[in-house]
There are 4 protein chains.
Amino acid sequence: MNSISNNSNSNTAILLMHCPDQPGIVAKITEFLYQNNGNVIYLDQHVDHQEKVFFMRIEWELEKFAIPQDKIAEYFGTLIASKFKLIWNIYFSKRVPRMAIFVSRMSHCLFDILARHQAREWNVEIPIIISNHPDLEPLVKKFGFDYRIFQISESNKADQEKKQIELLKEFRIDFLVLARYMQVLSDSYIEEFPNRIINIHHSFLPAFPGAKPYHSAHERGVKIIGATSHYVTAELDAGPIIEQDVARISHTDSIKNLIRKGQDLEKIVLSRAVYAHLQHKVLAYKNRTVVFS
Amino acid sequence: MNSISNNSNSNTAILLMHCPDQPGIVAKITEFLYQNNGNVIYLDQHVDHQEKVFFMRIEWELEKFAIPQDKIAEYFGTLIASKFKLIWNIYFSKRVPRMAIFVSRMSHCLFDILARHQAREWNVEIPIIISNHPDLEPLVKKFGFDYRIFQISESNKADQEKKQIELLKEFRIDFLVLARYMQVLSDSYIEEFPNRIINIHHSFLPAFPGAKPYHSAHERGVKIIGATSHYVTAELDAGPIIEQDVARISHTDSIKNLIRKGQDLEKIVLSRAVYAHLQHKVLAYKNRTVVFS
Amino acid sequence: MNSISNNSNSNTAILLMHCPDQPGIVAKITEFLYQNNGNVIYLDQHVDHQEKVFFMRIEWELEKFAIPQDKIAEYFGTLIASKFKLIWNIYFSKRVPRMAIFVSRMSHCLFDILARHQAREWNVEIPIIISNHPDLEPLVKKFGFDYRIFQISESNKADQEKKQIELLKEFRIDFLVLARYMQVLSDSYIEEFPNRIINIHHSFLPAFPGAKPYHSAHERGVKIIGATSHYVTAELDAGPIIEQDVARISHTDSIKNLIRKGQDLEKIVLSRAVYAHLQHKVLAYKNRTVVFS
Amino acid sequence: MNSISNNSNSNTAILLMHCPDQPGIVAKITEFLYQNNGNVIYLDQHVDHQEKVFFMRIEWELEKFAIPQDKIAEYFGTLIASKFKLIWNIYFSKRVPRMAIFVSRMSHCLFDILARHQAREWNVEIPIIISNHPDLEPLVKKFGFDYRIFQISESNKADQEKKQIELLKEFRIDFLVLARYMQVLSDSYIEEFPNRIINIHHSFLPAFPGAKPYHSAHERGVKIIGATSHYVTAELDAGPIIEQDVARISHTDSIKNLIRKGQDLEKIVLSRAVYAHLQHKVLAYKNRTVVFS
């Protein structure tokens with residue numbers, strides 16, 4: 001088996017935050033951690049000088065940290081966050097995130113994720129895989145995952161979505177990955193999981209949103225195709241972009257070839273986006289993302 | 001000086017053609033050249049199986065070719081082209097193409113081209129550089145080129161375009177390169193030079209056509225920017241794409257940075273497109289291009 | 001399931017050939033096919049002007065072809081190949097290639113291949129998977145493949161290789177894929193399968209051949225890492241390169257990160273190389289390859 | 001003219017530093033700046049956990065800074081640097097760096113730099129251009145630069161180098177750029193400018209060091225070529241790498257084509273490296289570099 005497990009033996013806290021830019025923030029936060037014996041092992045910050053917003057991801061070891069884990073949020077909120085109008089989240093490396101995967105009939109993105117899980121490349125639990133088609137059930141079950149089918153029609157959509165949301169809550173799912181899931185989620189569904197639904201779109205957005213982007217790319221005669229992973233928002237294919245990549249094509253590539261080459265992009269781009277999310281390195285702000293190094 | 005001159009000592013003919021796909025075309029044309037002692041040094045062909053169209057570029061040495069150069073077009077037209085409903089052009093390597101460059105105030109694309117000309121990387125003549133601004137005149141003149149200023153306003157545009165076209169004809173210009181020229185040519189102007197006006201657009205088309213694409217890219221939060229070189233058609237930024245390339249960016253890049261990084265893309269992409277055109281390797285068909293290897 | 005199956009309904013013949021460059025080859029071969037009602041659906045040729053060698057891949061439909069399939073090789077050999085000193089192979093699209101995969105303990109390349117097989121992306125049979133470790137057996141069996149373990153030590157290597165070769169012959173294996181197989185094959189083994197063993201090396205060859213290339217890349221401080229797929233020859237990591245690709249890294253990437261990012265390169269590069277080989281598009285010549293479009 | 005001038009109106013100080021990693025460094029330095037009204041506009045830091053070394057680049061506005069500019073180094077050295085065993089340099093944005101360019105006969109890298117200078121893309125002075133050949137003199141002089149020729153032979157090399165060093169000192173040159181300068185500098189020359197001589201090598205190092213890398217790349221049959229910009233050290237082509245980039249090639253590319261495509265890589269890679277150096281974003285450590293974001 002691979003030995004590249006996501007360092008799951010680490011015991012750290014991670015703060016992800018943003019606030020109006022102002023002098024002294026880094027000094028104040030790093031001093032707070034230093035004074036309480038929190039050994040910082042990661043710090044990356046960014047100032048958007050146009051929007052005048054400060055962003056930071058900071059991670060420190062908990063072993064000798066003076067504040068008990070269950071009190072950190074309270075202390076940090078009182079002593080630091082309130083003074084700088086911080087919007088923030090705290091994560092702990094010992095807590096393994098729980099991810100639900102949504103698929104339809106194409107398997108390339110799903111298998112890429114399951115293979116990483118199998119090889120312990122990612123530190124994640126996958127309690128459930130949801131689909132609107134039965135096709136992938138046999139194989140997914142061989143891998144040992146729970147596969148639930150929700151066939152969706154115009155008439156039952158609202159009802160099926162309600163049942164899915166209940167199931168996701170029952171399984172305490174942290175975030176959703178749409179691995180070429182061919183259904184559009186309703187707005188109310190999306191609002192249940194703000195910046196916690198990751199989609200892969202098979203084009204270099206904002207070019208070719210919507211259906212059949214490879215056909216459109218072929219029609220337009222582009223020399224490069226792409227794939228885009230983004231958080232899902234109410235507007236289709238318009239949410240904050242997490243990751244993109246491209247591949248060179250030429251006039252010799254038929255639409256079939258574009259689809260074949262594109263699928264490799266899709267699975268790699270989606271997996272990179274999910275990995276960044278799992279590392280708590282993505283911060284969405286005003287329909288853009290900060291993806292820390 | 002660079003020794004990579006475009007092999008200007010060669011004495012070859014180049015046929016660029018397309019026609020309805022049908023059996024025996026390659027056999028017929030290669031046999032025609034073989035029977036007349038035309039040593040083929042390049043052959044690339046492509047069949048668009050969807051459109052059922054055959055495309056080919058073939059190049060052969062003229063030295064021992066049995067048909068005199070000024071008769072080749074006639075013989076080929078009579079003996080071959082008419083039978084296969086070929087649409088074709090013939091070029092001779094000894095004839096140096098004549099290019100006009102259009103610029104406004106940004107110099108990066110222009111200088112990249114002039115530097116290649118200076119280093120004899122390209123086999124091209126540049127009889128004239130046209131601009132709607134005087135800014136770059138001093139520098140261009142130091143390089144020894146003819147620089148003509150046509151200031152364009154809403155009221156004089158038709159008149160100025162007419163004068164430009166006369167000048168281009170007077171100088172026997174083969175094709176135009178818009179090197180970040182910030183004027184839209186009128187339809188009648190474009191019709192004078194079908195598939196002979198090469199533009200560089202500072203985005204990954206079809207994303208962000210029109211003005212200020214770097215601002216739009218920043219606003220949309222893309223993770224990759226691009227540049228696109230295409231033949232100019234009546235619809236803005238919608239002509240057949242010759243070449244595209246991209247560069248990875250991140251949230252740390254300000255709009256200024258996007259512009260800076262993008263300019264490197266623009267000049268390289270435009271120069272690649274111009275080079276392919278100079279080599280007679282680009283064939284436009286139905287708003288797409290075949291760019292031979 | 002994916003619908004991008006390798007067009008297995010097609011019924012074509014494919015010729016892959018090279019010979020000393022000389023006038024009239026293309027004319028002669030295309031005429032031969034045309035006269036016998038062979039509709040050409042693919043033609044790509046290349047002349048190495050330095051070595052004076054002509055290379056071609058040509059594919060035509062068999063349906064109306066005048067020469068019976070089992071006579072094509074004889075006729076072509078007699079009427080064409082002997083006259084031009086062609087070195088050539090013929091393949092038929094109806095014949096599904098048989099591939100053996102070799103693995104050790106890392107699963108990423110293997111799973112990438114099995115997922116493509118499962119999704120019918122490739123037209124290939126995988127009668128056997130060979131390993132020197134038992135680790136991946138349970139999973140491979142779930143996929144329904146035959147997994148054979150050959151533990152290799154210095155003392156038993158010759159013997160185990162002999163048994164492997166017998167097994168490969170018994171299964172009528174066409175070519176071998178070393179999917180991060182951590183054993184060096186002996187020269188005599190390699191000679192049994194000339195240009196029919198495809199390896200993936202986890203560096204941008206010729207940089208960092210041999211063991212631990214990611215450690216070497218980190219030590220050297222490169223800004224880009226790569227992966228290389230090549231045919232195996234007697235000299236380690238020095239065979240004809242089929243495909244390479246790269247990924248940008250930075251000082252922030254630990255060796256662990258290089259390995260993680262590199263594994264994505266490895267699996268994609270290996271799969272691209274295997275796909276090209278399956279399409280009969282790779283021709284090795286003098287330690288280089290021609291990879292047709 | 002371009003308006004992307006390197007923000008030369010800014011009035012900032014930049015600290016570039018490294019030291020043994022230890023708790024509290026960021027807190028101490030950011031607190032020091034905050035207490036003295038230094039508004040931080042850039043902070044990027046990196047910890048090499050393997051080497052246990054801390055690296056940082058921090059930039060702050062001088063306008064309201066409490067410590068006079070000519071005292072900053074003294075105060076910072078006494079109050080901070082000595083306590084953390086910092087190795088550090090301070091730069092001021094108002095001080096325009098002075099660069100010498102070395103060329104031989106190829107113009108592509110030189111012209112790319114001069115065009116950027118002309119367009120005010122970079123905030124740099126180029127007091128002198130040194131060459132071992134007269135070829136580029138006429139054009140460089142038209143641009144208005146000082147061009148000095150030092151013909152180098154085995155017998156006069158030591159003497160010529162001595163004269164060059166004197167000239168560089170007389171012109172108070174900060175750093176040297178070898179823009180395809182085809183002479184190897186002696187060790188003593190290099191020692192005069194540690195990590196202040198930037199070279200461009202026309203391969204993807206460590207592949208193909210030394211002479212004629214494009215010939216070697218063609219011979220080896222690689223599918224991708226590259227270029228590498230690095231600081232010059234005593235060992236040829238082995239110094240700390242600042243920037244690399246690559247381009248895809250194929251069997252259709254002759255050596256001439258590799259050279260042509262490679263020259264575009266060379267000029268862009270070199271210019272990116274020089275720009276990073278000008279921004280004081282490169283920190284060399286143990287034959288690797290940290291290139292801040």
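Chain naming here is simple, since letters A, B, ... match the order of the sequence lines and numbering starts at 1 in each.
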Practice task
Would you give the length of the straight line joining atom NE2 of A:His251 to atom CZ of B:Phe55, rounded to the nearest 0.5 angstrom?
Solution key: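 With rounding to 0.5 Å, NE2 (A:His251) is 8.5 Å from CZ (B:Phe55).
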Practice task
Please round to the nearest 0.5 Å and tell me the distance separating atom CD1 of B:Ile225 and atom CD of A:Gln244.
Solution key: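 Those atoms lie 11.5 Å apart.
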Exercise for the section: Over all heavy atoms of both residues, which pair between B:Arg220 and A:Asp237 is shortest? Give the atoms and the distance, please. Expected result: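 That would be NH2-O, 3.6 Å.
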Handout entry: Residue selection (most heavy-atom pairs with chain B, distance under 4.5 Å) from A:Thr289, A:Val47, A:Ile255, A:Val290
Key =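 Ranked by heavy-atom pairs under 4.5 Å with chain B, first place is A:Val290.
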Practice task
Tell me, yes or no, whether the heavy-atom count around B:Gln22 atom CD, taken from other residues, nucleotides or ligands under 6.0 Å, exceeds 12.
Solution key: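 Yes.
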Handout entry: Side-chain donor-acceptor contact under 3.5 Å, B:Thr228 with A:Lys223
Key =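 No, no side-chain donor-acceptor pair sits under 3.5 Å.
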Exercise for the section: For B:Glu235, look at atom CD and say whether over 12 heavy atoms of other residues, nucleotides or ligands are found less than 6.0 Å away. Expected result: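 Incorrect, the count does not exceed 12.
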Handout entry: Least distance between heavy atoms, A:Thr252 atom then B:His46 atom
Key =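 Closest approach of A:Thr252 to B:His46, heavy atoms only: CA-CE1, 3.8 Å.
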Exercise for the section: Under 4.5 Å heavy-atom distance to chain A, tell me which part of B:Ser250 shows up: side chain, backbone, both or neither. Expected result: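 Neither part.
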Problem - Residue part contacting chain A, namely of B:His218, when any heavy atom lies under 4.5 Å - result: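 Backbone plus side chain of B:His218, per the 4.5 Å heavy-atom cut-off to chain A.
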Handout entry: Contacting moiety of A:Ile242, where chain B heavy atoms sit under 4.5 Å
Key =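 Just its backbone gets close to chain B.
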Handout entry: Contact winner vs chain B - A:Ser216, A:Gly226, A:Gly239, heavy-atom pairs under 4.5 Å
Key =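 Highest number of pairs under 4.5 Å: A:Gly239.
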Practice task
Could you tell me which of B:Pro240, B:Ala217, B:Ala238, B:Ser254 has the largest number of non-hydrogen atom pairs under 4.5 Å with chain A?
Solution key: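 Most heavy-atom pairs within the cutoff with chain A belong to B:Ala238.
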Practice task
Please report the C-alpha distance between B:Leu205 and A:Val222 in whole Å, then the side-chain angles of each, then the deciding distance to 0.1 Å, and finally whether the side-chain contact (heavy atoms from CB on, under 4.5 Å) criterion is met.
Solution key: CA-CA 8 Å; B:Leu205 289 174; A:Val222 293; over 6 Å; no
Handout entry: Interface moiety of A:Asp245 toward chain B, non-hydrogen atoms closer than 4.5 Å
Key =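 Both the backbone and the side chain of A:Asp245 come within 4.5 Å of chain B.
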Exercise for the section: Might you confirm whether atom NZ of B:Lys261 has over 12 heavy atoms from other residues, nucleotides or ligands at distances under 6.0 Å? Expected result: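 Yes, enclosed.
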Exercise for the section: Any chance you could measure A:Glu219, atom CD, to B:Arg288, atom CZ, to the nearest 0.5 Å? Expected result: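 Result: 6.0 Å between the selected atoms.
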